[in-house]
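Read through the structure below, which is laid out as structure tokens, and then see the notes.
Counting starts at 1 for both ligands and their atoms, following the listed order. All values below come from the heavy atoms of this structure, side chains included, with hydrogens, waters and symmetry mates left out.
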Amino acid sequence: MLPVIVVHGGAGWIGKERAEGSCRGVQEAVLAGYRILQRGGSALDAVEEAVVAMEDNPMYNAGCGSVLNELGGVEMDAIIMDGKTLASGAVSAVKGIANPIKLSRLVMEKTEHLCLTAEGASRFAKAMGVPEVEEESLKTDYSRKRWVENLAPGSNPVESQMGKMGTVGAVAIDSQGNVASATSTGGMLNKMVGRVGDTPCVGCGAYADNLFGAVSPTGHGEAIMKVTLSRLILFHMEQGMSPEKAADTALEYMKTRVRGIGGVVVVNSSGDWAARFTSDQMAWAAVKNDQLHYGLYKGESFTLPVTST
Ligand code: GLY
């Protein structure tokens, strides 16, 4: 099987000043994941590595760079799913760690549960020896500025969120034909304390099944949950649609049915892939057959050989 990996840096509108950094970040992330696949590594390791790269990059709403909640705090959600076994692990409203996606993997591999939240997730992180980080180290000037702007009377955090940036995620298929999906986010701008979005919910914030493929979405979490976006796309692929057609059909349904805007990266069990969105922009990158593809605006797709990047 030819390995494939596709990543996104969130659906939304990305200002000119952040466009280049956003595009560069997804390329670095996809290459970090692809190096694992090239060495014969697993799809699960590849998607985790790619998402860690974006959590560590302050450009994105995940890990360092997460949006702030109504009290100016950072509460993060993440999920990882293994298409071979349908095992998954997630954390929600977790604080004070750098890489929620790594903690999600530990939930999957070291507990009997699928999701740990808030205080419980922190206790588990401590028990696993995951280093605590200062909350301030996860904030950026940009996240603080947007938090203040959206405290203003009359501002609409949902519109503002969709107008700026979203979640990060990755899907992959490895040389064994195993698929995996991973998604991580700071959630919605100025969200209520304790708000849990789509990201840690199986079938919403991710889905992976070796029989059909893997999906990682981005966008307005409440809308994604209403249509169980990831599982809906897998369902369309089960019915014979290509990744691109399945993604477009499900995103259009979310838009017309619940007025939800978003984007997805998808790979199927044959290694066909898609990066699709109904927002103005979504930074995405994919590697297949040593070719790096990337884009930001609708209809945009550039290609470079991996060796020259
Ligand atoms: N899709 C990310 C969130 O709404 O939390």
Side-chain angles (χ1 to χ4, degrees), residues 7-14 22 26 47 51 54-55 59-63 65-70 73-81 88 90-95 100-101 103-104 115 117-118 121 138 143 146-147 150 156-171 181-207 215-233 247 250-251 254-255 258-266 275-284:
V7 310
H8 67 77
W13 180 82
I14 297 146
S22 220
V26 289
V47 294
V51 168
M54 291 185 281
E55 287 177 335
M59 191 57 68
Y60 305 108
N61 174 17
S66 288
V67 298
L68 309 188
N69 67 20
E70 60 184 349
V74 176
E75 292 184 330
M76 300 167 288
D77 299 339
I79 187 167
I80 191 161
M81 184 160 183
S88 65
V91 290
S92 65
V94 70
K95 293 178 172 186
I101 200 66
L103 190 59
S104 299
C115 183
T117 195
L138 300 173
S143 67
R146 293 185 64 215
W147 176 69
N150 284 283
N156 181 337
V158 171
E159 273 174 18
S160 177
Q161 169 85 5
M162 288 320 302
K164 291 279 163 48
M165 60 179 185
T167 301
V168 304
V171 294
S181 169
T183 310
S184 181
T185 188
M188 296 296 289
L189 180 63
N190 296 39
K191 64 188 178 181
M192 288 175 71
V193 171
R195 178 262 190 187
V196 174
D198 61 300
T199 298
C201 304
V202 186
C204 300
Y207 207 79
V215 179
S216 170
T218 160
H220 184 211
E222 281 71 7
I224 291 172
M225 285 193 270
K226 283 176 187 167
V227 303
T228 56
L229 184 63
S230 295
R231 194 61 191 80
L232 180 60
I233 290 171
L251 285 169
M254 185 167 87
K255 190 172 163 183
V258 296
R259 300 179 60 215
I261 300 294
V264 291
V265 289
V266 187
R276 309 291 294 172
F277 47 99
T278 48
S279 52
D280 290 341
Q281 289 151 286
M282 181 179 83
W284 63 270

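- Salt bridge Glu222/Arg195: present, at least one basic N to carboxylate O contact under 4.0 Å.
- Taking the side chain to side chain contact (heavy atoms under 4.5 Å, CB included) definition, one finds that Ala90 meets it with Ile79, Cys115, Pro200, sequence neighbours left out.
- Close N/O approach between Arg195 and ligand 1 is found [any backbone or side-chain N/O within under 3.5 Å].
- Side-chain atoms of Thr183 and Ser216 form a donor-acceptor pair, as typed in the model, at a separation below 3.5 Å.
- On a distance-only criterion, Gly221 and ligand 1 share at least one N/O pair closer than 3.5 Å.
- Across all non-hydrogen atoms, the minimal contact from Ala93 to Glu75 is CA-CB, 3.9 Å.
- Every residue meeting the side chain to side chain contact (heavy atoms under 4.5 Å, CB included) condition with Ser230, not counting sequence neighbours, appears here in chain and number order: Tyr207, Val215, Pro217.
- With ligand atoms numbered from 1 in the order given, ligand 1 contributes 1 (N), 2 (C) to contacts under 4.0 Å with heavy atoms of Thr167.
- Listed by number with element, the atoms of ligand 1 under 4.0 Å from a non-hydrogen atom of Gly187 are 5 (O).
- Here Ile101 contributes atom CD1 and Glu55 contributes atom CD; the two are 6.0 Å apart, rounded to the nearest 0.5 Å.
- For ligand 1, the polar-atom distance check against Gly219 finds a nitrogen or oxygen pair separated by under 3.5 Å.
- For ligand 1, the atoms closer than 4.0 angstrom to any heavy atom of Asp198 are 1 (N), 2 (C), 3 (C), 4 (O), 5 (O).
- Short contacts between ligand 1 and Met188, defined as distances under 4.0 Å to a heavy atom of the residue, involve ligand atoms 4 (O).
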